[in-house]
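Sequence positions, counted from 1, serve as the residue numbers for this chain. Being a predicted model, the structure only gives us computed values, none of them experimental.
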Amino acid sequence: ASDLRLRVLGALNISSRLVTPNSDGINDRATVAYDLFNINGGQVRVDVHDLAGSHVATVFEAIATAGPYTPTWDGRDSQGRTVPPGIYLIRVTIDADLDTFTRVAQVGVAY
């Protein structure tokens, strides 16, 4: 069954498709907005990967419950370093009893 029919993971919306992590207050972060439906348990993760598929950062990780989520990514890797300019993939994954559901969106980083 598809996640659309089961309505587990809603659409993935990114506040800004371009992050400029230079602390000027404009597009310093990207908010990752999504909704979880009909879920109480399982694991939800928001990860950032580069285009080669390498893991860059985990933005959010928690036990999943239904509701809206809005974690943010500040253009930094797991060690807190600003990532190089380029295109990155933000992936939201929910591991539920029924299946694993995923949504992916791209975000650019520039200075």
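- Summarising the hydrophobic clusters (Ile, Leu, Val, Met, Phe, Trp, Tyr; side-chain heavy atoms under 4.5 Å, direct or chained), the residues clustered with Val104 are Leu51, Ile87, Leu89.
- For Thr100, the side-chain hydrogen bond (donor to acceptor under 3.5 Å, both in side chains) test picks out Asp95, with sequence neighbours left out.
- Although no hydrogens or angles enter the test, the distance criterion places no donor-acceptor pair under 3.5 Å between the side chain of Thr20 and the main chain of Asn22.
- His49 is listed as a side-chain neighbour of Arg91, based on a closest heavy-atom distance under 4.5 Å.
- Contact between Val19 and Asp28 at its shortest, heavy atoms only, is CG1-O, 3.6 Å.
- Sequence neighbours left out, the pairs with a member in residues 53-64 that pass side-chain hydrogen bond (donor to acceptor under 3.5 Å, both in side chains) are Gln43-Glu61, Arg45-Thr58, Arg45-Glu61, Asp47-His55, Asp47-Thr58, His55-Thr58.
- The side-chain contact (heavy atoms from CB on, under 4.5 Å) test applied to Asp77 returns Val56, Gln79, Arg81, Val83, not counting sequence neighbours.
- When atom types are taken as modelled, the side chain of Thr72 and the backbone of Thr31 share no donor-acceptor pair closer than 3.5 angstrom.
- Using a 4.5 Å heavy-atom cutoff, the side chains of Pro68 and Tyr34 are not in contact.
- Applying the ring-ring contact (aromatic ring centres under 6.0 Å, His included) rule to pairs touching residues 72-100 yields Trp73-Tyr88, sequence neighbours excluded.
- Residues satisfying the side-chain contact (heavy atoms from CB on, under 4.5 Å) test with Ala64, not counting sequence neighbours, are Leu36, Ile39, Val44, Ile94.
- With sequence neighbours excluded, the residues satisfying salt bridge (charged side-chain N to carboxylate O under 4.0 Å, His left out) with Asp74 are Arg76.
- Under the salt bridge (charged side-chain N to carboxylate O under 4.0 Å, His left out) criterion, Asp50 pairs with no residue, sequence neighbours left out.
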- Trace of the side-chain contact (heavy atoms from CB on, under 4.5 Å) decision for Tyr111 with Thr82: CA-CA 10 Å; Tyr111 303 108; Thr82 303; 2.8 Å; yes
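- Under the 3.5 Å distance criterion, the side-chain polar atoms of Arg17 are left unmatched by any main-chain donor or acceptor of Gly108.
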